[in-house]
Amino acid sequence: MAGRVDGKVAFITGAARGQGRSHAVRLAEEGADIIAVDICRGFDDSPAPPATPEDLAETADMVKNLDRRVVTAEVDVRDFAALKSAVDSGVEQLGRLDIIVANAGIGTTGVKLHKMPEASWNETLDVNLGGVWKTVKAGVPHLLAGGRGGSVIITSSVGGLKAYPQVGHYIAAKHGVVGLMRTFAVELGQHSIRVNTIHPTHVNSPLLMNESTYRLFRPDLENPGPDDLAPICQSFHFLPIPWVTPADISNAVLFLASDEARYITGVTLPVDAGSLLK
Ligand SMILES: NC(=O)c1ccc[n+]([C@@H]2O[C@H](COP(=O)([O-])OP(=O)(O)OC[C@H]3O[C@@H](n4cnc5c(N)ncnc54)[C@H](O)[C@@H]3O)[C@@H](O)[C@H]2O)c1
């Protein structure tokens, strides 16, 4: 049986681990070849442990094990020239581009906006908003050159549609990518290029499952762990789960990437267990 994105090529940022890796594998399972990029190092301000070159190589192996082709590059999404070179080289090797998944992002925690250091604000906006713009900017010329349309999927957050305290830089960036998405959708629709955002609730990737998040959510405990985080995360939802998995987000990415969504553009799609109903 033909896959849902058979013969297509997807460019995915933040693909070394977490949701980005899961998107690479899910799209490859359904027939796509993959251009996978990641910074593969940490951020001073970030509580999540750094992704590594070995993580990105493991993503590549997982794609290859599905008999799909993969091109990888260690790239910081803040560096447009490096992004462009990675996607140009990937398209040269794989022959085309159909899907852009602007997924790379960071989360730093714990300060109210009026006390936030400028460096923290700048870093989060540069990666989570500027990096998304640069990712799409690097990929779009290839979608246009292909003349077959395309699908651009941007990872926002429930925090891109609603505010939460202590993470104002993240909230501003994730709202910002909705504006980017809408503008790209308006500008590119005539070329049959669709542009949508996905808004995950808590996802059990390293971005969430780390000590700093446990402490942010459970300041009442001395040594909080995942089990202590679960009831707090659950309280955000109507469905009886504390978090979703990367695979749940990948299924939404796959749908938006596939021809099943051929007339869906400009949409903000929550995968949120009912979080936005609260
Ligand atoms: N985990 C959650 O609870 C959650 C919820 C809503 C939205 N999101 C968003 O989902 C996306 C994926 O996050 P995840 O949960 O897989 O986290 P993760 O930390 O496991 O993965 C993020 C990946 O992006 C990479 N990355 C970060 N900055 C980069 C840069 N400047 N250039 C290139 N690569 C970079 C990291 O190295 C890492 O491999 C992010 O945009 C995040 O904001 C996450």
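What you see is a predicted model, and the numbers here were worked out from it, not measured in a lab. Positions are given from 1 along the sequence. Only heavy atoms go into these numbers, but all of them, side chains included; no hydrogens, no water, no symmetry mates. Order of listing sets the numbers, starting from 1, for every ligand and every atom in it.
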Do you know the tightest heavy-atom contact between E260 and F255? OE1-CD1, 3.7 Å

Locate the shortest heavy-atom distance separating R78 from F43; write the atom from each residue and the value. NH2-CE2, 3.4 Å

Would you check the N or O atoms of [X], main chain and side chain alike, for any that come under 3.5 Å of an N or O of ligand 1?
{"X": "V203", "value": "yes"}
{"X": "R17", "value": "yes"}
{"X": "R41", "value": "no"}
{"X": "Y170", "value": "yes"}
{"X": "V77", "value": "yes"}
{"X": "Q19", "value": "yes"}
{"X": "I39", "value": "yes"}

Is a side-chain donor or acceptor of [X] paired with a backbone partner of [Y] at a separation under 3.5 angstrom?
{"X": "N65", "Y": "D61", "value": "yes"}
{"X": "N103", "Y": "Q19", "value": "no"}
{"X": "R215", "Y": "E222", "value": "yes"}
{"X": "D126", "Y": "G130", "value": "no"}
{"X": "H199", "Y": "S157", "value": "yes"}
{"X": "Q234", "Y": "I241", "value": "yes"}
{"X": "R21", "Y": "D55", "value": "yes"}

For [atom], which protein heavy atom lies nearest, and how many Å away is it?
{"atom": "atom 6 (C) of ligand 1", "result": "P200 O, 3.4 Å"}
{"atom": "atom 39 (O) of ligand 1", "result": "D38 OD2, 2.6 Å"}
{"atom": "atom 24 (O) of ligand 1", "result": "G14 CA, 3.4 Å"}
{"atom": "atom 27 (C) of ligand 1", "result": "G105 O, 3.5 Å"}
{"atom": "atom 15 (O) of ligand 1", "result": "S205 OG, 2.5 Å"}
{"atom": "atom 31 (N) of ligand 1", "result": "D76 OD1, 2.9 Å"}
{"atom": "atom 17 (O) of ligand 1", "result": "L207 CB, 3.3 Å"}

With K174 as partner, the option from N128, V158, L161 fulfilling side-chain contact (heavy atoms from CB on, under 4.5 Å) is N128

Output the list of atoms in ligand 1 that are nearer than 4.0 Å to some heavy atom of [X], sorted by atom number.
{"X": "V127", "value": "28 (N), 31 (N)"}
{"X": "H202", "value": "3 (O)"}
{"X": "G18", "value": "16 (O), 20 (O)"}
{"X": "I106", "value": "27 (C), 28 (N)"}
{"X": "T201", "value": "3 (O), 5 (C), 6 (C)"}
{"X": "A51", "value": "37 (O), 39 (O)"}
{"X": "N103", "value": "11 (C), 12 (C), 40 (C), 41 (O)"}
{"X": "T155", "value": "9 (C), 10 (O), 11 (C)"}

Under the side chain to side chain contact (heavy atoms under 4.5 Å, CB included) test, which residues partner N251, sequence neighbours left out? R26

Verify whether one side chain among H237 and S235 offers a donor that lies under 3.5 Å from an acceptor in the other. no

Has [X] got any heavy atom lying under 4.0 angstrom from an atom of ligand 1?
{"X": "P206", "value": "yes"}
{"X": "K174", "value": "yes"}
{"X": "V75", "value": "yes"}
{"X": "S156", "value": "yes"}

For D220, which residues count as a side chain to side chain donor-acceptor pair (under 3.5 Å) partner, sequence neighbours excluded? R218

F11, I154: one ILVMFWY side-chain cluster at the under-4.5 Å cut-off? yes

In terms of relative ring orientation, are F236 and F217 parallel, tilted or perpendicular, with 30° and 60° separating the classes? tilted

Taking NZ, NE, NH1 and NH2 as the nitrogens, is one of them in R69 or D33 under 4.0 Å from a carboxylate oxygen of the other? yes

Residue part near ligand 1, for W243, under 4.0 Å between non-hydrogen atoms: neither

